[in-house]
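Structure record follows, encoded as structure tokens.
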Amino acid sequence: MQRIYLDHNATTPPLPAVAERMMVVLRDAFGNPSSVHHFGQQAKALIDEARTEVANLIGAEPSEVLFTGGGTEADNIAIRGAAEALEAAGRRHLVASAIEHEAVLNTLKALAKRGWRTTLLPVDRSGIVSPAALREGLADDTAVVSVMHANNEIGTIQPIAELARLAHERGALFHTDAVQSAGKIAIDVRTLGVDMLSMSAHKFYGPKGIGALWVRRGVRVMPILTGGRQERGRRAGTENVAGIVGMGVAARSASGKMGDEDRRLSALRDRLETGILRSVPGTAVNGSTEARVPNTTNISFDRIEAESLLIALDLQGVAVSTGSACSSGTLEPSHVLKAMGFNAHRTQNSIRFSLGAANTEAEIDRVIAVLPGIVEKLRSLTRAPARA
């Protein structure tokens, strides 16, 4: 059976160049980067090289890039670290959008238990945070505002530069989770005007277990791990040299392919989206169709549970994702679609298609060809009378 992978927002396959370079590093550059001898300095030089590549991807200075264990840790260091650094100044209010990743939402919940006030900003029907909503949500004691650059479920891109400007006017720091945008679209941290930005290597064809947090020079963040002085004292623990090198290779590749790949993926996504909407009745796109990353579309299928459709597609060799989290066998509604104001059914009938480097027109056409029959069969089952 031909397998078609359309779940690149969940993870991407490492580039061959990434895997090959990591194998060389694991074998030949095993030294501890904190050691002063040849083996340690060899490893340190590789980290410095990768730090430059990651910085170049987002228009930053290498010294501002902090390597982490992934996007979740980067989010935690940004929010917890900055909040604790500002606590002594009396700033104990945190703001985020209602459609953030759980890495941000659950961090706010944890800090709320410790006494911080939190505000979740509403979004409109396209999944956008309005500047007016942020302006209303800010307070004189706001410490950190965290609004993701691109949403993981619907791909919507937020007006980060304007939101950051508003936060700064009230003296707050601004963090953006760019896990779903870094490596996909051009990013310049100076143009965005943010203070901190999170990334994850495995979202742009690097390895899992490695990410980065960009921290603008002059911004103070308290470490959330206690230990050694690695990463300028902001992230203790011996560095994952091979993972960091792999992230550097992936960042360099993304920088070189950005424009052409954006256009190719946009065309494929539009081909898929148009084909589904035309051939399957009762479908609708969720989120903005203008301000979004080029590889993502989220589509609702009326009178179908997303989990059933996901399984049926997988049986046909097509890997996609729902916009909902499956926990202990219970399909939870998408908190993103719920925040956008959709009814209970629509928060559970949506499929995310996220395309990547290996996808072709032929694959897209096959998905468009098999989907109508799958949907019709599932809908017919819901129409069938129950047996006595």
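Computed from heavy atoms alone, side chains included, the values below leave out hydrogens, waters and symmetry copies. What you see is a predicted model, and the numbers here were worked out from it, not measured in a lab. Start at 1 with the first residue, then count along the sequence.
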Using 4.0 Å as the upper bound for N to carboxylate O, is an ion pair formed by Arg352 and Glu153?
no
Between the side chains of Ser288 and Thr156, is a donor N or O closer than 3.5 angstrom to an acceptor N or O?
no
Inspect the contact between Arg264 and Glu261 and indicate whether a charged nitrogen and a carboxylate oxygen are less than 4.0 angstrom apart.
yes
List in chain and number order the residues that pass ring-ring contact (aromatic ring centres under 6.0 Å, His included) with Tyr5, two or more places apart in sequence or in another chain; answer none if no residue qualifies.
His8
Distance (rounded to the nearest 0.5 Å) between Asn76 CG and Ile224 CD1:
5.0 Å
Could you walk me through whether Leu313 and Leu309 satisfy the side chain to side chain contact (heavy atoms under 4.5 Å, CB included) test, starting with their C-alpha distance in whole Å, then the side-chain angles of each, then the deciding distance to 0.1 Å, before giving a yes or no?
CA-CA 6 Å; Leu313 282 168; Leu309 181 53; 4.1 Å; yes
Sole residue of Val129, Val104, Leu134 in side chain to side chain contact (heavy atoms under 4.5 Å, CB included) with Ser97
Val129
Okay, side chain of His37, backbone of Gly40: is any donor-acceptor separation there less than 3.5 Å?
yes
Can you confirm whether more than 12 heavy atoms, excluding those of Arg217, are under 6.0 Å from its CZ atom?
no
Would you say the side-chain atoms of His202 and Thr11 include a donor-acceptor pair closer than 3.5 Å?
yes
Are Leu57 and Met247 linked, directly or through intermediate hydrophobic residues, by side-chain heavy-atom contacts shorter than 4.5 Å (ILVMFWY only)?
yes
Atom CE in Met340, atom CG in Asn151: separation rounded to 0.5 Å?
8.0 Å
Name of the residue among Leu197, Val179, Ile187 meeting side chain to side chain contact (heavy atoms under 4.5 Å, CB included) with His149
Ile187
Are Arg263 and Asp260 ion-paired here, with the side-chain N under 4.0 Å from a carboxylate O?
yes
Measure the spacing between CE of Met196 and CD1 of Ile77 and express it to the nearest 0.5 Å.
11.0 Å
Tell me if a side-chain donor or acceptor on Arg234 pairs with a main-chain N or O of Met222 at a distance below 3.5 Å.
no
So does Val293 get a backbone contact from the side chain of Thr296, meaning a donor-acceptor N/O pair under 3.5 Å?
no
Among Ile276, Asn298, Val318, Ile364, whose side chain to side chain contact (heavy atoms under 4.5 Å, CB included) with Phe353 holds?
Ile276
Check Ala236 against Leu225 and note the closest heavy-atom contact, atom names and distance.
O-CD1, 3.9 Å
What's the shortest heavy-atom distance between Ile4 and Glu363, and which atoms?
CD1-O, 3.7 Å
Over all heavy atoms of both residues, which pair between Ala339 and Ile99 is shortest? Give the atoms and the distance, please.
CB-CG2, 3.7 Å
Applying a strict under-4.5 Å side-chain criterion to I, L, V, M, F, W and Y, I'd like to know whether Val221 and Val65 cluster together.
no
Indicate whether the side chain of Asn9 and that of Lys184 have a donor and an acceptor atom separated by less than 3.5 Å.
yes
Treating Arg235 as the side-chain partner and Leu66 as the backbone partner, does any N or O pair qualify as donor plus acceptor under 3.5 Å?
no
Check whether Lys203 reaches the backbone of Thr12 with its side chain - one donor and one acceptor, N or O, closer than 3.5 Å.
no
Are Arg346 and Asp302 ion-paired here, with the side-chain N under 4.0 Å from a carboxylate O?
no
Working for side chain to side chain contact (heavy atoms under 4.5 Å, CB included), residues Val144 and Val95:
CA-CA 6 Å; Val144 181; Val95 178; over 6 Å; no
Could Glu84 and Arg114 be called an ion pair, given the rule that one side-chain N must be under 4.0 Å from one carboxylate O?
yes
Compare every heavy atom of Ala133 with every heavy atom of Leu121, then report the nearest pair and how far apart it is.
CD2-O, 3.5 Å
If you round to the nearest 0.5 Å, how far is CG of Leu6 from OG1 of Thr297?
11.0 Å
Check: Asn56/Ser255 side-chain N/O donor and acceptor closer than 3.5 Å:
no
Check: Asp177 side chain, Ser198 main-chain N or O, donor-acceptor pair, under 3.5 Å:
no
Under 3.5 Å, side chain of Asp124 to main-chain N/O of Ile128, donor-acceptor pair present?
yes
Tell me whether Ile374 is reachable from Val367 by hopping between hydrophobic residues (I, L, V, M, F, W, Y) whose side-chain heavy atoms are closer than 4.5 Å.
yes
Can we say Glu136 and Arg170 salt-bridge, meaning some charged N sits less than 4.0 Å from an Asp/Glu carboxylate O?
no
Is it possible for you to say whether Leu108 and Phe174 belong to one hydrophobic cluster, with membership spreading through side-chain heavy-atom contacts below 4.5 Å?
no
Between Thr52 and Asp48, is there a donor-acceptor pair closer than 3.5 Å when you use the side chain of the first and the backbone of the second?
yes
As a test of understanding, state which of Arg21, Arg51, Gln41 forms a side chain to side chain contact (heavy atoms under 4.5 Å, CB included) with Leu46.
Arg21
Glu361, CD atom: more than 12 neighbouring heavy atoms under 6.0 Å
no
Would Glu53 and Arg252 count as a side chain to side chain contact (heavy atoms under 4.5 Å, CB included) if you check the C-alpha gap in whole Å, the side-chain angles of each, and the deciding distance to 0.1 Å?
CA-CA 6 Å; Glu53 297 292 357; Arg252 181 169 65 249; 3.2 Å; yes
Would you kindly confirm whether Met258 and Phe204 end up in one hydrophobic cluster when ILVMFWY residues are joined by side chain heavy atoms under 4.5 Å apart?
yes
Could you tell me if His168 and Asp195 have a donor-acceptor pair between their side chains, going purely by distance under 3.5 Å?
yes
Between Arg216 and Glu64, is the closest basic N to carboxylate O distance under 4.0 Å?
no
Please determine whether the number of non-hydrogen atoms from other residues, nucleotides or ligands lying under 6.0 Å from atom CZ of Arg232 exceeds 12.
no
Taking atom CG of Leu94 and atom NE2 of His175, what is their separation to the nearest 0.5 Å?
12.5 Å
Check Ala312 against Leu378 and note the closest heavy-atom contact, atom names and distance.
CB-CD1, 4.4 Å
Within 6.0 Å of CD in Gln2, more than 12 heavy atoms from elsewhere
yes
Quiz question: by atom type and distance under 3.5 Å, do the side chains of Asn295 and Ser354 form a donor-acceptor pair?
no
Please report the interatomic distance CE(Met1) to CG(Leu315), rounded to the nearest 0.5 Å.
7.0 Å
Applying side chain to side chain contact (heavy atoms under 4.5 Å, CB included) to Asp141 and Arg117, what does each step give before you reach the verdict?
CA-CA 10 Å; Asp141 65 338; Arg117 291 170 28 253; 2.6 Å; yes
Using a 3.5 Å distance criterion without hydrogens, assess whether the side chain of Thr274 forms a donor-acceptor pair with backbone atoms of Arg271.
no
Quick one: do Arg278 and Glu273 make a salt bridge, cutoff under 4.0 Å?
no
Any donor and acceptor pair, going by atom type alone, linking the side chain of Thr176 with main-chain N or O of Ala178 inside 3.5 Å?
no
Minimum-distance pair of heavy atoms, taken over all atoms of Val241 and Ala29
CG1-O, 4.5 Å
Residues Glu169 and Arg165 bridged, charged N to O under 4.0 Å:
yes
Lys/Arg-Asp/Glu bridge criterion (N-O < 4.0 Å) met for Glu239, Lys44:
no
